[in-house]
Colleague: 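Just dropping this structure here.
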Amino acid sequence: MSKSAISPIRAENYPEWYQAVIKAADMAELSGVRGCMVIKPWGYAIWERVQNVLDGMIKATGHDNCYFPLFIPLSYFQKEATHVEGFAKEMAIVTHHRLINKNGELVPDPDSKLDEPLIVRPTSETIIGEAMARAVQSYRDLPLLWNQWANVVRWEMRTRMFLRTAEFLWQEGHTAHADEADARAETERMLEVYRALIEDYIAMPAIQGSKPESEKFAGAEDTLTLEVMMQDGRALQSCTSHYLGQNFAQAANIQFQGKSGSLELCHTTSWGLSTRVIGGLIMTHADDDGLVLPPKLAPQQVVIVPILRDETAREAVLNYCDKLATDIAAQTYAGEAVRVKVDKRDEESATKRWNWIKKGVPVILEVGPKDIEKDGVAVTRRDDVAGKKTFPARAEFIAGLPALLDEMQRGIYARALEMQKSRTRTDIKTWAEFETYFGKDTDGKFDEAPGFVRAPWSGDEAATEAKIKPLGVTIRCLPFDTNVPDHAAVPSGNCIITGGAAKYEAIFARAY
RNA sequence: CGGGACGUAGCGCAGUCUGGUAGCGUACCAGCCUGGGGGGCUGGGGGUCGUGGGUUCGAAUCCCACCGUUCCGACCA
């Protein structure tokens, strides 16, 4: 009979619960700037973990970081037609470079109008393409493997913290290759890098696949994705990896001279992962007491709360805690020193404990005179807050900590995978069943909402969209495990939409 | 951009109908009592009532305009 820290709880109102978790964990807040958020220290610390881990992987696969301008001349952007079409409706545009005081009000100076408007980058294919064209001369310059960490702006109509904001943070990789095979291999290699981050660190089970035509990146030949199921059964695209063909190479004139002397266009790729994954992390693992962080990703893995009820014992308790922290930090888990801190804030100990529970720290230790007497610690596991605290001996706890963190990491992943599997329907065979399944009223009932449907599909985009759009459903991906030639299993049964012959197997779901 | 709602203390709200110069909860500060499931009591600090104009002796309250936020739709990583 414990009250939960978050209100409303998931079962009462999932969208409000999501906002409440962000607030309770003090991760971010609305900024007053339309559609933009302030990422607060705890939220940013999580993003920095994502950055550190992913940046290491990106470099380990041979890529170099660089930085390109925030402002992109309109003329650059215009060069790739499909790309323009996809982004034109959500641009922030800079048209002036000076303000003047007009009747006590600052307004853009008409005389400072730019000859050519600049757009605030929504993505950087075009401006990086310009630089690539200069960087690439010979086949010896290939592959060109660049990445940048940046902010981007997309003027979205409706925003939600982390999931969709007008400005967001991400990394975008841009590469140029001599041929299609090499470029396609790059998109697969980077998808695997993302998979390692998302599954092994963020503990979100992902379905790997390619996007159907209608869901592809504007200007891409092929878009690969990792789709993750949220606790309300909706899908979240956690990252993308695009094979861009020669579309952007043509637009920016990215050419190289081959061994034989021939002049050829490069094949380019781009791939990105944004602060959106933090939204996914929340909706995958958080519970009615707040955020739940997988140990490998957690900015702090262990927090020690000193119990300072007795003034005379104060020094002794704090010293004991500091020593404990030092010993814990000497342990390693997943190749890194265990991240631990002592919470010495002047707050009531119970309040501090709940602060860290809401922030999702994997292990909370309470240490007071009673524990010192026994040379022990009081342990709360975040993946089992309602469970009883345990009171192991100090040395035993420290020695077992890496194993404990690993058990939690695996447990959190396993729980999410179980949810994904139990709510992915493969037994829906007809359009009538499909319609009934997705037609369910989902208001506030996150645990009864539909999940994924995995079914044979004809590939007829127009017919499909006409039928599934009214249900709010989209094709999330054509999963690799059944669609990639190497693993191919020809779908048995007819297309769930048209009833005709099926060419693929598709994942259908509502999505964020 | 269409439809609805809302802008009053850091946050959440009442007060607006029936004008009279601002209040509650929480957070914050101080003291005492507490203290291992997130406290209690007492006393404090903090507000150009979104902005501009109008009506009035007097406006948070009535009227007009504007700005902003939010929910629903079209769009989207």
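Given the structure is predicted, the values throughout are model-derived calculations rather than measurements. All chains are named by letter (A, B, ...) in the order of the sequence lines, taking the proteins before the strands, and each is independently numbered beginning at 1.
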Colleague: For nucleotides B/rA22 and B/rG46, find the distance between their P atoms and express it as a whole number of Å.
Modeller: 13 Å
Colleague: Rounding to the closest angstrom, what is the interatomic distance between B/rC67 and B/rG53 at atom C1'?
Modeller: 14 Å
Colleague: Ignoring backbone atoms, establish whether A/Lys389 has a side-chain N or O less than 4.0 Å from OP1 or OP2 of B/rG37.
Modeller: yes
Colleague: Which base sits across from B/rG36 as a Watson-Crick or G-U pair, both distances under 3.5 Å?
Modeller: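 Partner of B/rG36: none found under 3.5 Å.
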Colleague: Please tell me whether A/Glu221 and A/Asn247 have a donor and an acceptor in their side chains that are separated by less than 3.5 angstrom.
Modeller: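 Yes, side-chain donor-acceptor contact under 3.5 Å.
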Colleague: Side chain of A/Asp55, backbone of A/Asn52: donor and acceptor closer than 3.5 Å?
Modeller: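 No, A/Asp55 side chain to A/Asn52 backbone: no donor-acceptor pair under 3.5 Å.
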Colleague: For salt bridge (charged side-chain N to carboxylate O under 4.0 Å, His left out), just list the numbers for A/Asp384 and A/Lys389, CA-CA rounded to whole Å, side-chain angles, deciding distance to a tenth of an Å, and then say yes or no.
Modeller: CA-CA 9 Å; A/Asp384 188 21; A/Lys389 286 183 211 172; over 6 Å; no
Colleague: Please report, rounded to the nearest Å, how far the P atom of B/rA74 is from the CH2 atom of A/Trp155.
Modeller: 22 Å
Colleague: Given that both distances must come in under 3.5 Å, which nucleotide forms a Watson-Crick or G-U wobble pair with B/rC66?
Modeller: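 Matched B/rC66 with B/rG50 under the 3.5 Å cut-off.
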Colleague: Might you list the N or O atoms of the protein lying below 3.5 Å from N or O atoms in nucleotides 38-42 of chain B, with each pair's distance?
Modeller:
residue, atom, partner, partner atom, Å
B/rG38, O2', A/Thr351, OG1, 2.9
B/rG38, N9, A/Trp354, NE1, 3.3
B/rG38, O6, A/Lys3, O, 3.3
B/rG38, N2, A/Lys358, NZ, 3.0

Colleague: Let me see the working for A/Ile39 and A/Trp47 under side-chain contact (heavy atoms from CB on, under 4.5 Å), right down to the final yes or no.
Modeller: CA-CA 9 Å; A/Ile39 304 178; A/Trp47 176 239; 5.7 Å; no
Colleague: Send over the distance from A/Glu366 CD to B/rG35 C1', rounded to a whole Å.
Modeller: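 Going from A/Glu366 (CD) to B/rG35 (C1'), I get 12 Å.
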Colleague: Of all the choices, B/rA77, B/rG36, B/rG37, which nucleotide is nearest to the side chain of A/Arg353 once you look at every atom?
Modeller: B/rG37
Colleague: Quantified in whole Å, what is the P atom distance between nucleotide B/rU34 and nucleotide B/rU26?
Modeller: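 Rounded to whole Å, the distance is 23 Å.
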Colleague: Sort out for me which residue in A/Lys79, A/Glu85, A/Glu80 forms a side-chain contact (heavy atoms from CB on, under 4.5 Å) with A/His83.
Modeller: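 Per the side-chain contact (heavy atoms from CB on, under 4.5 Å) rule, the option paired with A/His83 is A/Glu80, out of A/Lys79, A/Glu85, A/Glu80.
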Colleague: Can you work out whether A/Ala378 or A/Leu236 has the more 5'-proximal nearest nucleotide on RNA chain B?
Modeller: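 Result: A/Ala378.
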Colleague: Does the structure show a Watson-Crick or G-U wobble partner for B/rC41, both distances under 3.5 Å? Name it, or say none.
Modeller: B/rG31
Colleague: Suppose we define a pair by two distances each less than 3.5 Å, Watson-Crick or G-U wobble; what does B/rC24 pair with here?
Modeller: B/rG12
Colleague: Which one is paired to B/rU61, where only Watson-Crick or G-U wobble pairs with both distances under 3.5 angstrom count?
Modeller: none
Colleague: Just how far, in rounded Å, is C1' of B/rC76 from NE2 of A/His83?
Modeller: 14 Å
Colleague: Quantified in whole Å, what is the P atom distance between nucleotide B/rC49 and nucleotide B/rA60?
Modeller: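 About 7 Å, rounded to a whole number of Å.
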Colleague: How many Å lie between CD on A/Glu347 and P on B/rG37, as a whole number?
Modeller: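 Between P of B/rG37 and CD of A/Glu347: 16 Å.
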Colleague: When you compare B/rG4 with B/rG12, how far apart are their P atoms, in angstrom units rounded to a whole number?
Modeller: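 The answer is 24 Å between these two P atoms.
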Colleague: Should the pair A/Glu366-A/Arg353 be classified as a salt bridge under the 4.0 Å nitrogen-to-oxygen rule?
Modeller: yes
Colleague: Send over the distance from A/Lys469 NZ to B/rG73 P, rounded to a whole Å.
Modeller: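 The distance from NZ of A/Lys469 to P of B/rG73 comes to 13 Å, rounded to the nearest Å.
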Colleague: Do A/Asn147 and A/Tyr67 have side-chain N/O donor and acceptor atoms under 3.5 Å apart?
Modeller: no
Colleague: Looking at A/Glu227 and A/Arg476, does any basic side-chain N land under 4.0 Å from a carboxylate oxygen?
Modeller: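 Yes, A/Glu227 and A/Arg476 are salt-bridged.
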Colleague: Starting at CE of A/Met161 and ending at P of B/rU70, how long is that distance when rounded to a whole Å?
Modeller: 10 Å
Colleague: If I pick the P atom on B/rA9 and the same atom on B/rG40, what distance separates them, to the nearest angstrom?
Modeller: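 Here B/rG40 and B/rA9 have their P atoms 24 Å from each other.
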Colleague: Going through the checks in order, is the salt bridge (charged side-chain N to carboxylate O under 4.0 Å, His left out) test met by A/Arg10 and A/Asp287?
Modeller: CA-CA 7 Å; A/Arg10 288 166 291 179; A/Asp287 63 19; 5.6 Å; no
Colleague: Suppose you measure atom P in B/rU56 against the same atom in B/rU61; what distance do you get, rounded to whole Å?
Modeller: 16 Å
Colleague: Please figure out whether A/Gln19 or A/Thr240 has its closest RNA chain B nucleotide nearer the 5' end.
Modeller: A/Gln19
Colleague: Within the structure shown, what part of the strands sits under 4.0 Å from A/Phe168 by heavy-atom distance: base, sugar-phosphate, or nothing?
Modeller: base
Colleague: May I ask you to say what A/Val385 touches in the nucleic acid, namely base, sugar-phosphate or nothing, with a heavy-atom cut-off under 4.0 Å?
Modeller: base
Colleague: If B/rA74 has a Watson-Crick or G-U wobble mate with both distances under 3.5 Å, name it; if not, just say none.
Modeller: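 Pairing partner, where one exists within any strand: none, as none qualifies.
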Colleague: Between A/Glu192 and A/Arg195, does any NZ, NE, NH1 or NH2 come within less than 4.0 Å of an OD or OE carboxylate oxygen?
Modeller: yes
Colleague: Any base atoms under 4.0 Å from A/Thr165, or only sugar-phosphate, or nothing? Heavy atoms, all strands.
Modeller: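 The residue A/Thr165 makes base contact.
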Colleague: Does A/Pro369 reach a base, just sugar-phosphate, or nothing at all? Heavy atoms under 4.0 Å.
Modeller: base
Colleague: Can you measure A/Arg164 atom CZ to B/rA77 atom P for me and round it to whole angstrom units?
Modeller: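 Atom CZ in A/Arg164 sits about 8 Å away from atom P in B/rA77.
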Colleague: With heavy atoms under 4.0 Å as the rule, sort A/Leu30 into base, sugar-phosphate or nothing.
Modeller: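 Since only primed, P, OP1 and OP2 atoms lie under 4.0 Å of A/Leu30, the category is sugar-phosphate.
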Colleague: Please give, in whole Å, the distance from B/rU70 P to A/Met37 CE?
Modeller: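 Going from CE in A/Met37 over to P in B/rU70 covers 13 Å.
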Colleague: Work out how far the C1' atom of B/rG15 is from that of B/rG7, and round it to whole angstrom.
Modeller: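 Pairwise C1' distance, B/rG15 against B/rG7, rounds to 15 Å.
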